[in-house]
Amino acid sequence: MIIIEPHIHMLSRTTDDYQAMYQSGVRCCVEPAFWLGAPRHHPGTFFDYYDLILEYETVRGERFGIDHYACISVNPKEADKAELARTTLAGIDEYLDHPRCVCVGEIGYNEITKNEEAAFVQQLHMAEQRELPVLIHTPHRNKKKGVERIIDVLKAEKVTMPRINIDHNTEETIGLCTPLDCWAGMTVYPYSKLDPLRVVNILKEHGLERKLVNSSADWGVSDPTSLKQTADNMKAAGFSDDQIKKVVFDNPLAFYSQTQKFKPRLDLTPLPIESFQR
Ligand SMILES: [Zn+2]
């Protein structure tokens, strides 16, 4: 089973993780721009980070047989610093136009503040102008209120809904997204929040159309092979191979292929470890 991982933060993962992902079937992954775990203070720190996920991680992924793409944004958590967000967004165009940038994200809300919303709306329009997909982060606290607010903003701004992925849904919010023309993401975590079994139950209840499952693995407790575990749990729950393929391959391929820039190479061969140079 070939897997496309639609949301993972490889910058914070080791080469062991790339190897484990390849073994589990991952041949392509997409890395959204997000918070680094400590606050940034300068636009230049964002720009260097964008270069890193657009260029260096592509090389690193390729060495391990995984075609790596990125999404670029000022993330919601740091968007609350209005001046930093404004000056960073003033210089973000060249990164959004980079050939490996296939999406604007993560954008959305963290604490649902006015500043977060201003950066969110501005970046929605940057995506719309470029006809790029959009990855929307939903708050971990007040998730339902955050998702409702996101949907109101998407409607008010008249964005192209099939290019939107509202991510990190739970049982509480998935029903808000399913009736819309947008995509609904779910993040699998090994211990807290959604585990593979809960994702499978949501898929049973809400169907497979426009659903994206991801590991969102970062420097927190997370597992970069979560999609393989989700596939195994789907199999055990009676889903067919075609249905499993739809969730772990066809859907992420369809979502990101809305930009011509996404042309995943699925036949990369991992290089022998001893050939790697620093
Ligand atoms: Zn993320």
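Read the numbers this way: they start at 1 and go in the same order the structure lists the ligands and their atoms. Sequence positions, counted from 1, serve as the residue numbers for this chain.
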So which of the N, O or S atoms of Glu106 lies nearest the Zn ion (ligand 1)? OE2
In His9, what N, O or S atom is nearest to the Zn ion (ligand 1), if we give its atom name? NE2
Specify whether an N/O/S atom of Asp167 falls short of 2.8 Å from the Zn ion (ligand 1). no
Regarding His137, does it place an N, O or S atom less than 2.8 Å from the Zn ion (ligand 1)? no
Quick one: does Thr160's side chain get under 4.5 Å of Glu128's, heavy atoms only? yes
So Tyr95 and Cys101, do their side chains get closer than 4.5 Å, heavy atoms only? no
My understanding is that only one of Val26, Leu268, Ile4 makes a side chain to side chain contact (heavy atoms under 4.5 Å, CB included) with Ile66; could you say which? Val26
Please report the C-alpha distance between Glu106 and His9 in whole Å, then the side-chain angles of each, then the deciding distance to 0.1 Å, and finally whether the side-chain hydrogen bond (donor to acceptor under 3.5 Å, both in side chains) criterion is met. CA-CA 11 Å; Glu106 303 175 38; His9 301 285; 3.1 Å; yes
